[in-house]
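A short worksheet on the structure shown next.
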There are 2 protein chains.
Amino acid sequence: MDTPSPWLDADQQELWQDLLTVVIALPAALDRQLQRDAGISNFEYGVLARLSMADHVTMRFSELARDCNSTLPRLSKLMDRFEAREWIVRRVDPSDGRYTLATLTDSGQQKLVDSAPGHVAQVRRLVFDSLTATQRRHFGTALSNVAETVRREAAGGPTG
Amino acid sequence: MDTPSPWLDADQQELWQDLLTVVIALPAALDRQLQRDAGISNFEYGVLARLSMADHVTMRFSELARDCNSTLPRLSKLMDRFEAREWIVRRVDPSDGRYTLATLTDSGQQKLVDSAPGHVAQVRRLVFDSLTATQRRHFGTALSNVAETVRREAAGGPTG
DNA sequence: CGTTATAAGTTGCCCAGGCAAGTAAAAAGC
DNA sequence: GCTTTTTACTTGCCTGGGCAACTTATAACG
(Lines give C-alpha, C1' and ligand atoms only; values in the text may rest on other atoms or scores of the structure.)
Protein backbone atom coordinates (compact mmCIF):
# COMPACT_ATOMS: atom_id res chain seq x y z
CA MET A 1 0.00 0.00 0.00
CA ASP A 2 1.12 3.56 -0.63
CA THR A 3 1.56 6.09 2.14
CA PRO A 4 -1.84 7.62 2.89
CA SER A 5 -1.60 11.33 3.67
CA PRO A 6 -1.88 11.36 7.46
CA TRP A 7 -4.13 14.39 7.73
CA LEU A 8 -7.63 15.30 6.67
CA ASP A 9 -8.10 17.92 3.98
CA ALA A 10 -10.18 21.05 4.57
CA ASP A 11 -13.48 19.54 3.42
CA GLN A 12 -12.96 16.46 5.50
CA GLN A 13 -12.03 18.59 8.50
CA GLU A 14 -15.28 20.49 8.21
CA LEU A 15 -17.35 17.34 7.85
CA TRP A 16 -15.50 15.85 10.77
CA GLN A 17 -16.12 18.85 13.01
CA ASP A 18 -19.81 18.78 12.17
CA LEU A 19 -19.96 15.08 12.86
CA LEU A 20 -18.26 15.59 16.23
CA THR A 21 -20.77 18.28 17.09
CA VAL A 22 -23.64 15.99 16.22
CA VAL A 23 -22.39 12.92 18.08
CA ILE A 24 -21.77 14.99 21.20
CA ALA A 25 -24.48 17.62 21.25
CA LEU A 26 -27.34 15.57 19.82
CA PRO A 27 -27.45 12.97 22.61
CA ALA A 28 -27.08 15.80 25.11
CA ALA A 29 -30.06 17.64 23.62
CA LEU A 30 -32.16 14.48 23.64
CA ASP A 31 -31.22 13.82 27.25
CA ARG A 32 -32.13 17.35 28.28
CA GLN A 33 -35.61 17.15 26.79
CA LEU A 34 -36.37 13.70 28.15
CA GLN A 35 -34.91 14.48 31.56
CA ARG A 36 -36.88 17.67 31.81
CA ASP A 37 -40.21 16.33 30.54
CA ALA A 38 -40.09 12.69 31.64
CA GLY A 39 -37.25 12.25 34.13
CA ILE A 40 -35.49 9.61 32.03
CA SER A 41 -32.44 9.55 29.77
CA ASN A 42 -32.33 8.90 26.07
CA PHE A 43 -30.76 5.52 26.75
CA GLU A 44 -33.52 4.61 29.19
CA TYR A 45 -36.12 5.65 26.64
CA GLY A 46 -34.46 3.44 24.05
CA VAL A 47 -34.59 0.41 26.32
CA LEU A 48 -38.28 0.93 27.08
CA ALA A 49 -38.99 1.39 23.38
CA ARG A 50 -37.12 -1.74 22.34
CA LEU A 51 -38.80 -3.87 24.99
CA SER A 52 -42.21 -2.56 24.02
CA MET A 53 -41.73 -3.87 20.50
CA ALA A 54 -40.70 -7.39 21.54
CA ASP A 55 -42.97 -10.44 21.63
CA HIS A 56 -44.72 -10.49 24.98
CA VAL A 57 -42.80 -7.28 25.74
CA THR A 58 -40.07 -9.65 26.90
CA MET A 59 -36.43 -10.03 25.94
CA ARG A 60 -33.21 -11.58 27.13
CA PHE A 61 -30.75 -9.13 28.64
CA SER A 62 -28.01 -9.98 26.19
CA GLU A 63 -30.24 -9.42 23.17
CA LEU A 64 -31.61 -6.20 24.62
CA ALA A 65 -28.10 -4.97 25.32
CA ARG A 66 -27.01 -5.60 21.74
CA ASP A 67 -30.03 -3.85 20.25
CA CYS A 68 -29.61 -0.83 22.53
CA ASN A 69 -25.88 -0.42 21.87
CA SER A 70 -25.25 -1.22 25.52
CA THR A 71 -22.97 -3.43 27.56
CA LEU A 72 -24.33 -6.04 29.95
CA PRO A 73 -23.13 -4.38 33.16
CA ARG A 74 -24.71 -1.12 32.10
CA LEU A 75 -28.00 -2.77 31.26
CA SER A 76 -27.96 -4.85 34.42
CA LYS A 77 -27.67 -1.75 36.57
CA LEU A 78 -30.35 0.07 34.58
CA MET A 79 -32.65 -2.86 35.14
CA ASP A 80 -32.08 -2.57 38.88
CA ARG A 81 -33.47 0.95 38.68
CA PHE A 82 -36.32 -0.03 36.36
CA GLU A 83 -37.24 -2.90 38.66
CA ALA A 84 -37.31 -0.54 41.62
CA ARG A 85 -39.76 1.70 39.73
CA GLU A 86 -41.67 -1.41 38.69
CA TRP A 87 -41.29 -0.68 35.00
CA ILE A 88 -39.97 -4.19 34.34
CA VAL A 89 -39.86 -7.57 36.02
CA ARG A 90 -36.84 -9.85 35.96
CA ARG A 91 -36.97 -13.61 35.85
CA VAL A 92 -34.66 -16.42 34.94
CA ASP A 93 -35.29 -18.01 31.56
CA PRO A 94 -36.97 -21.35 32.37
CA SER A 95 -35.45 -22.95 29.30
CA ASP A 96 -31.87 -21.91 30.10
CA GLY A 97 -30.88 -20.74 33.56
CA ARG A 98 -28.06 -18.57 32.24
CA TYR A 99 -30.41 -16.16 30.54
CA THR A 100 -32.38 -13.48 32.35
CA LEU A 101 -35.64 -12.23 30.89
CA ALA A 102 -36.93 -8.69 31.22
CA THR A 103 -40.64 -8.04 30.80
CA LEU A 104 -42.16 -4.60 30.53
CA THR A 105 -44.95 -3.99 33.04
CA ASP A 106 -48.10 -1.99 32.38
CA SER A 107 -46.69 1.03 34.16
CA GLY A 108 -43.49 0.66 32.15
CA GLN A 109 -45.51 0.74 28.94
CA GLN A 110 -47.45 3.69 30.29
CA LYS A 111 -44.22 5.56 30.99
CA LEU A 112 -43.14 5.00 27.40
CA VAL A 113 -46.48 6.14 25.99
CA ASP A 114 -46.35 9.27 28.12
CA SER A 115 -42.85 10.27 27.12
CA ALA A 116 -42.95 9.29 23.46
CA PRO A 117 -44.67 12.32 21.90
CA GLY A 118 -42.28 14.88 23.35
CA HIS A 119 -39.28 12.78 22.42
CA VAL A 120 -40.43 12.15 18.86
CA ALA A 121 -41.12 15.84 18.44
CA GLN A 122 -37.60 16.62 19.59
CA VAL A 123 -36.14 14.13 17.11
CA ARG A 124 -38.17 15.69 14.33
CA ARG A 125 -37.15 19.17 15.29
CA LEU A 126 -33.45 18.46 15.61
CA VAL A 127 -32.97 16.11 12.69
CA PHE A 128 -35.72 15.73 10.14
CA ASP A 129 -36.85 19.33 10.02
CA SER A 130 -33.29 20.34 9.12
CA LEU A 131 -33.33 18.26 5.94
CA THR A 132 -35.12 18.39 2.64
CA ALA A 133 -36.59 15.15 1.34
CA THR A 134 -33.65 14.70 -1.02
CA GLN A 135 -31.08 15.42 1.65
CA ARG A 136 -32.84 12.97 3.92
CA ARG A 137 -32.45 10.20 1.36
CA HIS A 138 -28.78 10.95 0.75
CA PHE A 139 -28.15 11.32 4.44
CA GLY A 140 -29.83 8.01 5.16
CA THR A 141 -27.74 6.19 2.59
CA ALA A 142 -24.43 7.55 3.81
CA LEU A 143 -25.37 7.09 7.43
CA SER A 144 -26.29 3.50 6.86
CA ASN A 145 -22.77 2.80 5.55
CA VAL A 146 -21.09 4.48 8.49
CA ALA A 147 -23.40 2.80 10.98
CA GLU A 148 -22.61 -0.58 9.47
CA THR A 149 -18.86 0.00 9.74
CA VAL A 150 -19.18 1.21 13.30
CA ARG A 151 -21.34 -1.75 14.28
CA ARG A 152 -18.74 -4.15 12.98
CA GLU A 153 -16.11 -2.27 14.93
CA ALA A 154 -18.18 -2.48 18.11
CA ALA A 155 -18.39 -6.25 17.67
CA GLY A 156 -15.18 -8.11 16.94
CA GLY A 157 -13.96 -5.48 14.54
CA PRO A 158 -10.60 -5.55 12.77
CA THR A 159 -8.91 -6.81 15.94
CA GLY A 160 -10.82 -10.10 16.04
CA MET B 1 -50.49 24.57 12.39
CA ASP B 2 -51.94 21.21 11.44
CA THR B 3 -51.52 18.10 13.55
CA PRO B 4 -48.16 16.52 12.71
CA SER B 5 -48.30 12.73 12.72
CA PRO B 6 -46.67 11.87 16.02
CA TRP B 7 -44.62 8.93 14.81
CA LEU B 8 -41.79 8.38 12.40
CA ASP B 9 -42.44 6.43 9.24
CA ALA B 10 -40.41 3.33 8.36
CA ASP B 11 -37.70 5.18 6.43
CA GLN B 12 -37.32 7.73 9.17
CA GLN B 13 -37.16 4.96 11.76
CA GLU B 14 -34.33 3.31 9.91
CA LEU B 15 -32.39 6.54 9.51
CA TRP B 16 -32.98 7.28 13.15
CA GLN B 17 -31.70 3.90 14.30
CA ASP B 18 -28.57 4.30 12.21
CA LEU B 19 -28.04 7.78 13.59
CA LEU B 20 -28.41 6.48 17.14
CA THR B 21 -25.87 3.77 16.43
CA VAL B 22 -23.43 6.33 15.08
CA VAL B 23 -23.78 8.85 17.89
CA ILE B 24 -23.31 6.13 20.49
CA ALA B 25 -20.88 3.67 18.99
CA LEU B 26 -18.66 6.08 17.07
CA PRO B 27 -17.44 8.03 20.12
CA ALA B 28 -16.99 4.72 21.92
CA ALA B 29 -14.84 3.37 19.09
CA LEU B 30 -12.74 6.53 19.02
CA ASP B 31 -12.28 6.37 22.77
CA ARG B 32 -11.21 2.73 22.63
CA GLN B 33 -8.52 3.37 20.05
CA LEU B 34 -7.16 6.48 21.75
CA GLN B 35 -7.32 4.95 25.20
CA ARG B 36 -5.52 1.85 24.04
CA ASP B 37 -2.84 3.56 21.96
CA ALA B 38 -2.38 6.87 23.78
CA GLY B 39 -4.11 6.67 27.16
CA ILE B 40 -6.38 9.62 26.45
CA SER B 41 -10.05 10.06 25.53
CA ASN B 42 -11.46 11.47 22.34
CA PHE B 43 -12.51 14.56 24.23
CA GLU B 44 -9.02 15.05 25.65
CA TYR B 45 -7.58 14.66 22.17
CA GLY B 46 -9.96 17.31 20.89
CA VAL B 47 -8.89 19.78 23.54
CA LEU B 48 -5.20 19.24 22.77
CA ALA B 49 -5.90 19.60 19.05
CA ARG B 50 -7.88 22.80 19.44
CA LEU B 51 -5.26 24.39 21.67
CA SER B 52 -2.50 23.43 19.29
CA MET B 53 -4.15 25.44 16.51
CA ALA B 54 -4.56 28.61 18.57
CA ASP B 55 -2.28 31.66 18.46
CA HIS B 56 0.57 31.07 20.87
CA VAL B 57 -1.10 27.71 21.59
CA THR B 58 -3.11 29.68 24.12
CA MET B 59 -6.84 30.12 24.66
CA ARG B 60 -9.33 31.29 27.22
CA PHE B 61 -11.18 28.49 28.99
CA SER B 62 -14.57 29.75 27.93
CA GLU B 63 -13.64 29.90 24.26
CA LEU B 64 -11.97 26.49 24.41
CA ALA B 65 -15.04 25.02 26.08
CA ARG B 66 -17.32 26.35 23.36
CA ASP B 67 -15.14 25.05 20.54
CA CYS B 68 -14.85 21.62 22.14
CA ASN B 69 -18.57 21.22 22.82
CA SER B 70 -17.79 21.23 26.53
CA THR B 71 -19.07 22.88 29.67
CA LEU B 72 -16.81 24.98 31.87
CA PRO B 73 -16.85 22.63 34.88
CA ARG B 74 -15.92 19.72 32.68
CA LEU B 75 -13.08 21.62 31.05
CA SER B 76 -11.90 22.99 34.37
CA LYS B 77 -11.52 19.50 35.79
CA LEU B 78 -9.83 18.23 32.64
CA MET B 79 -7.35 21.07 32.92
CA ASP B 80 -6.55 19.98 36.47
CA ARG B 81 -5.48 16.63 35.05
CA PHE B 82 -3.62 18.17 32.11
CA GLU B 83 -1.80 20.52 34.45
CA ALA B 84 -0.79 17.59 36.64
CA ARG B 85 0.71 15.90 33.56
CA GLU B 86 2.27 19.23 32.58
CA TRP B 87 0.54 19.26 29.20
CA ILE B 88 -0.77 22.79 29.80
CA VAL B 89 -0.11 25.74 32.05
CA ARG B 90 -2.84 27.86 33.58
CA ARG B 91 -2.59 31.59 34.19
CA VAL B 92 -4.96 34.44 34.77
CA ASP B 93 -5.51 36.70 31.79
CA PRO B 94 -3.50 39.86 32.61
CA SER B 95 -5.96 42.03 30.69
CA ASP B 96 -9.05 40.70 32.48
CA GLY B 97 -8.81 38.81 35.73
CA ARG B 98 -11.99 36.88 35.11
CA TYR B 99 -10.52 34.93 32.23
CA THR B 100 -8.14 32.04 32.64
CA LEU B 101 -5.68 31.21 29.88
CA ALA B 102 -4.52 27.73 29.00
CA THR B 103 -1.23 27.32 27.14
CA LEU B 104 -0.08 24.05 25.64
CA THR B 105 3.40 23.03 26.79
CA ASP B 106 5.99 21.32 24.64
CA SER B 107 5.19 17.96 26.14
CA GLY B 108 1.50 18.65 25.54
CA GLN B 109 2.23 19.29 21.87
CA GLN B 110 4.37 16.18 21.79
CA LYS B 111 1.53 14.11 23.19
CA LEU B 112 -0.74 15.37 20.44
CA VAL B 113 1.80 14.68 17.71
CA ASP B 114 2.32 11.17 19.03
CA SER B 115 -1.34 10.29 19.20
CA ALA B 116 -2.55 12.03 16.04
CA PRO B 117 -1.64 9.47 13.35
CA GLY B 118 -3.46 6.59 14.99
CA HIS B 119 -6.48 8.72 15.69
CA VAL B 120 -6.69 10.15 12.18
CA ALA B 121 -6.36 6.66 10.74
CA GLN B 122 -9.26 5.52 12.90
CA VAL B 123 -11.41 8.44 11.73
CA ARG B 124 -10.61 7.59 8.13
CA ARG B 125 -11.35 3.94 8.63
CA LEU B 126 -14.66 4.43 10.42
CA VAL B 127 -16.06 7.33 8.46
CA PHE B 128 -14.41 8.38 5.24
CA ASP B 129 -13.56 4.94 3.91
CA SER B 130 -17.24 3.99 4.18
CA LEU B 131 -18.27 6.73 1.75
CA THR B 132 -17.82 7.40 -1.94
CA ALA B 133 -16.79 10.92 -2.93
CA THR B 134 -20.37 11.75 -3.89
CA GLN B 135 -21.82 10.36 -0.70
CA ARG B 136 -19.25 12.31 1.24
CA ARG B 137 -20.42 15.57 -0.33
CA HIS B 138 -24.09 14.81 0.30
CA PHE B 139 -23.35 13.61 3.79
CA GLY B 140 -21.38 16.76 4.55
CA THR B 141 -24.19 19.00 3.39
CA ALA B 142 -26.89 17.27 5.40
CA LEU B 143 -24.67 16.97 8.43
CA SER B 144 -23.88 20.65 8.35
CA ASN B 145 -27.60 21.44 8.61
CA VAL B 146 -28.16 19.10 11.50
CA ALA B 147 -25.03 20.31 13.29
CA GLU B 148 -26.19 23.89 12.94
CA THR B 149 -29.59 23.09 14.43
CA VAL B 150 -28.06 21.17 17.27
CA ARG B 151 -25.56 23.94 18.02
CA ARG B 152 -28.36 26.44 18.29
CA GLU B 153 -30.18 24.09 20.62
CA ALA B 154 -27.08 23.72 22.80
CA ALA B 155 -26.91 27.50 23.10
CA GLY B 156 -30.09 29.32 24.02
CA GLY B 157 -32.22 27.20 21.74
CA PRO B 158 -35.97 27.52 21.37
CA THR B 159 -36.39 27.99 25.11
CA GLY B 160 -34.36 31.21 25.31
C1' DC C 1 -17.28 55.96 44.48
C1' DG C 2 -20.34 52.54 46.62
C1' DT C 3 -23.81 49.22 45.16
C1' DT C 4 -25.79 45.96 42.33
C1' DA C 5 -25.56 43.02 38.32
C1' DT C 6 -23.20 39.99 35.24
C1' DA C 7 -19.50 37.00 33.63
C1' DA C 8 -15.68 33.33 34.24
C1' DG C 9 -13.98 29.72 36.81
C1' DT C 10 -13.96 26.47 40.66
C1' DT C 11 -15.67 23.17 44.02
C1' DG C 12 -18.76 19.64 46.15
C1' DC C 13 -22.03 16.28 45.77
C1' DC C 14 -24.02 12.77 43.31
C1' DC C 15 -24.82 9.25 39.81
C1' DA C 16 -24.01 6.72 35.61
C1' DG C 17 -20.95 3.74 33.28
C1' DG C 18 -16.44 1.18 32.31
C1' DC C 19 -13.63 -2.62 33.52
C1' DA C 20 -12.21 -6.52 35.94
C1' DA C 21 -13.34 -10.06 39.04
C1' DG C 22 -16.86 -13.09 40.80
C1' DT C 23 -20.97 -16.37 40.41
C1' DA C 24 -23.98 -19.58 38.32
C1' DA C 25 -25.60 -22.44 34.66
C1' DA C 26 -24.96 -25.19 30.59
C1' DA C 27 -21.81 -27.43 27.13
C1' DA C 28 -17.55 -30.01 25.92
C1' DG C 29 -13.97 -33.11 26.74
C1' DC C 30 -12.45 -37.53 28.11
C1' DG D 1 -20.39 -38.59 35.12
C1' DC D 2 -16.94 -35.66 36.73
C1' DT D 3 -13.86 -31.95 35.39
C1' DT D 4 -12.94 -28.00 32.41
C1' DT D 5 -14.51 -24.39 29.48
C1' DT D 6 -17.73 -21.23 27.86
C1' DT D 7 -21.72 -18.24 28.30
C1' DA D 8 -24.78 -14.91 30.76
C1' DC D 9 -25.26 -12.04 34.17
C1' DT D 10 -23.83 -9.49 38.59
C1' DT D 11 -21.00 -6.82 41.76
C1' DG D 12 -17.28 -3.67 43.38
C1' DC D 13 -14.28 -0.22 42.60
C1' DC D 14 -13.06 3.88 40.42
C1' DT D 15 -13.38 7.83 37.32
C1' DG D 16 -15.65 11.29 34.51
C1' DG D 17 -19.13 14.54 34.11
C1' DG D 18 -23.61 17.11 35.32
C1' DC D 19 -25.66 20.53 38.19
C1' DA D 20 -25.96 23.88 41.59
C1' DA D 21 -23.73 26.73 44.84
C1' DC D 22 -19.79 29.53 45.70
C1' DT D 23 -15.82 32.90 44.65
C1' DT D 24 -13.69 36.46 42.29
C1' DA D 25 -13.38 40.06 38.86
C1' DT D 26 -15.25 43.50 35.83
C1' DA D 27 -19.26 46.33 34.20
C1' DA D 28 -23.35 49.13 34.87
C1' DC D 29 -25.99 52.17 37.56
C1' DG D 30 -27.03 55.87 40.52
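Convention: sequence-line order gives letters A, B, ...; per-chain numbering from 1.
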Is the number of heavy atoms from other residues, nucleotides or ligands under 6.0 Å of A/D106 CG greater than 12? no
Lys/Arg-Asp/Glu bridge criterion (N-O < 4.0 Å) met for A/R90, A/D80: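 Salt bridge present between A/R90 and A/D80.
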If you measure from CD on B/Q109 to CG on B/L104, what distance do you get to the nearest 0.5 Å?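 B/Q109 atom CD to B/L104 atom CG measures 5.0 Å (nearest 0.5 Å).
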To the nearest 0.5 Å, what is the distance between CG on B/L30 and CG on B/L126? 6.5 Å
With sequence neighbours left out, what residues match B/R74 under salt bridge (charged side-chain N to carboxylate O under 4.0 Å, His left out)?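 Not a single residue meets the salt bridge (charged side-chain N to carboxylate O under 4.0 Å, His left out) criterion with B/R74.
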Using salt bridge (charged side-chain N to carboxylate O under 4.0 Å, His left out) as the criterion, list what pairs up with A/D129, not counting sequence neighbours.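 Per chain and number, A/D129 pairs via salt bridge (charged side-chain N to carboxylate O under 4.0 Å, His left out) with no residue.
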Would you kindly compare B/R60 and A/P94 by the position of their nearest DNA chain C nucleotide and give the one closer to the 5′ end? B/R60
Please assess B/T132 against B/T134 for the test side chain to side chain donor-acceptor pair (under 3.5 Å), listing each intermediate value before the final yes or no. CA-CA 5 Å; B/T132 66; B/T134 309; 4.6 Å; no
Please list, pair by pair, any protein nitrogen or oxygen found under 3.5 Å from a nitrogen or oxygen in nucleotides 16-21 of chain C.
residue: C/dG17; atom: OP1; partner: A/R74; partner atom: NE; Å: 3.4
residue: C/dG17; atom: OP1; partner: A/R74; partner atom: NH2; Å: 2.6
residue: C/dG17; atom: O5'; partner: A/R74; partner atom: NE; Å: 3.3
residue: C/dG18; atom: OP2; partner: A/T71; partner atom: OG1; Å: 3.3
residue: C/dG18; atom: O6; partner: A/K77; partner atom: NZ; Å: 2.4

Between N or O atoms, less than 3.5 Å apart, protein on one side and nucleotides 27-29 of chain C on the other: list the pairs.
none

Nearest whole Å is fine: how far is [N] [atom2] from [X] [atom1]?
{"X": "B/F61", "N": "D/dT24", "atom1": "CZ", "atom2": "P", "result": "17 Å"}
{"X": "A/R66", "N": "D/dC9", "atom1": "CZ", "atom2": "P", "result": "11 Å"}
{"X": "B/M59", "N": "C/dA8", "atom1": "CE", "atom2": "C1'", "result": "15 Å"}
{"X": "B/D93", "N": "C/dA8", "atom1": "CG", "atom2": "C1'", "result": "11 Å"}
{"X": "A/D80", "N": "D/dC9", "atom1": "CG", "atom2": "C1'", "result": "11 Å"}
{"X": "A/I24", "N": "D/dG18", "atom1": "CD1", "atom2": "P", "result": "10 Å"}
{"X": "A/Q35", "N": "C/dC14", "atom1": "CD", "atom2": "P", "result": "17 Å"}
{"X": "B/L75", "N": "C/dT11", "atom1": "CG", "atom2": "C1'", "result": "15 Å"}

Tell me whether the OP1 or OP2 atom of D/dC9 has a side-chain N or O from A/S76 closer than 4.0 Å.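 For D/dC9, neither OP1 nor OP2 has a side-chain N or O of A/S76 closer than 4.0 Å.
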Give a yes/no answer on whether the side chain of B/S62 brings an N or O atom under 4.0 Å of OP1 or OP2 in C/dA7. no
Identify each atom pair where a protein N or O and an N or O of nucleotides 3-5 of chain D are less than 3.5 Å apart, giving names and distance.
none

Donor-acceptor pairs under 3.5 angstrom involving side-chain atoms of residues 42-61 of chain B: please list them, not counting sequence neighbours.
residue: B/E44; atom: OE1; partner: B/S41; partner atom: N; Å: 2.7
residue: B/E44; atom: OE1; partner: B/S41; partner atom: OG; Å: 3.4
residue: B/E44; atom: OE2; partner: B/R81; partner atom: NH1; Å: 3.3
residue: B/R50; atom: NE; partner: B/D67; partner atom: OD2; Å: 2.7
residue: B/R50; atom: NH2; partner: B/D67; partner atom: OD2; Å: 3.1
residue: B/S52; atom: OG; partner: B/A49; partner atom: O; Å: 2.7
residue: B/T58; atom: OG1; partner: B/H56; partner atom: O; Å: 2.5
residue: B/T58; atom: OG1; partner: B/T103; partner atom: OG1; Å: 2.8
residue: B/R60; atom: NE; partner: B/D93; partner atom: OD2; Å: 3.2
residue: B/R60; atom: NH2; partner: B/D93; partner atom: OD2; Å: 3.0

Side-chain donor-acceptor contact under 3.5 Å, A/Q33 with A/D37: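 Looking only at side-chain atoms, A/D37 and A/Q33 do form a donor-acceptor pair, the distance falling under 3.5 Å.
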Restricting to non-hydrogen atoms, name the atom on B/V22 and the atom on B/P27 that form the minimum distance, rounded to 0.1 Å. O-CD, 3.4 Å
Going through the distances and angles, do A/E148 and A/R151 end up as a salt bridge (Lys or Arg N to Asp or Glu O under 4.0 Å)? CA-CA 5 Å; A/E148 182 55 30; A/R151 266 189 220 105; 3.3 Å; yes
On DNA chain D, check which nucleotide each of A/L72 and B/G97 is closest to and give me the residue with the more 5' one.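 Looking at the nearest nucleotide for each, A/L72 comes out on the 5' side.
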In this structure, which one of B/T141, B/L143, B/V146 forms a side-chain contact (heavy atoms from CB on, under 4.5 Å) with A/L131? B/V146
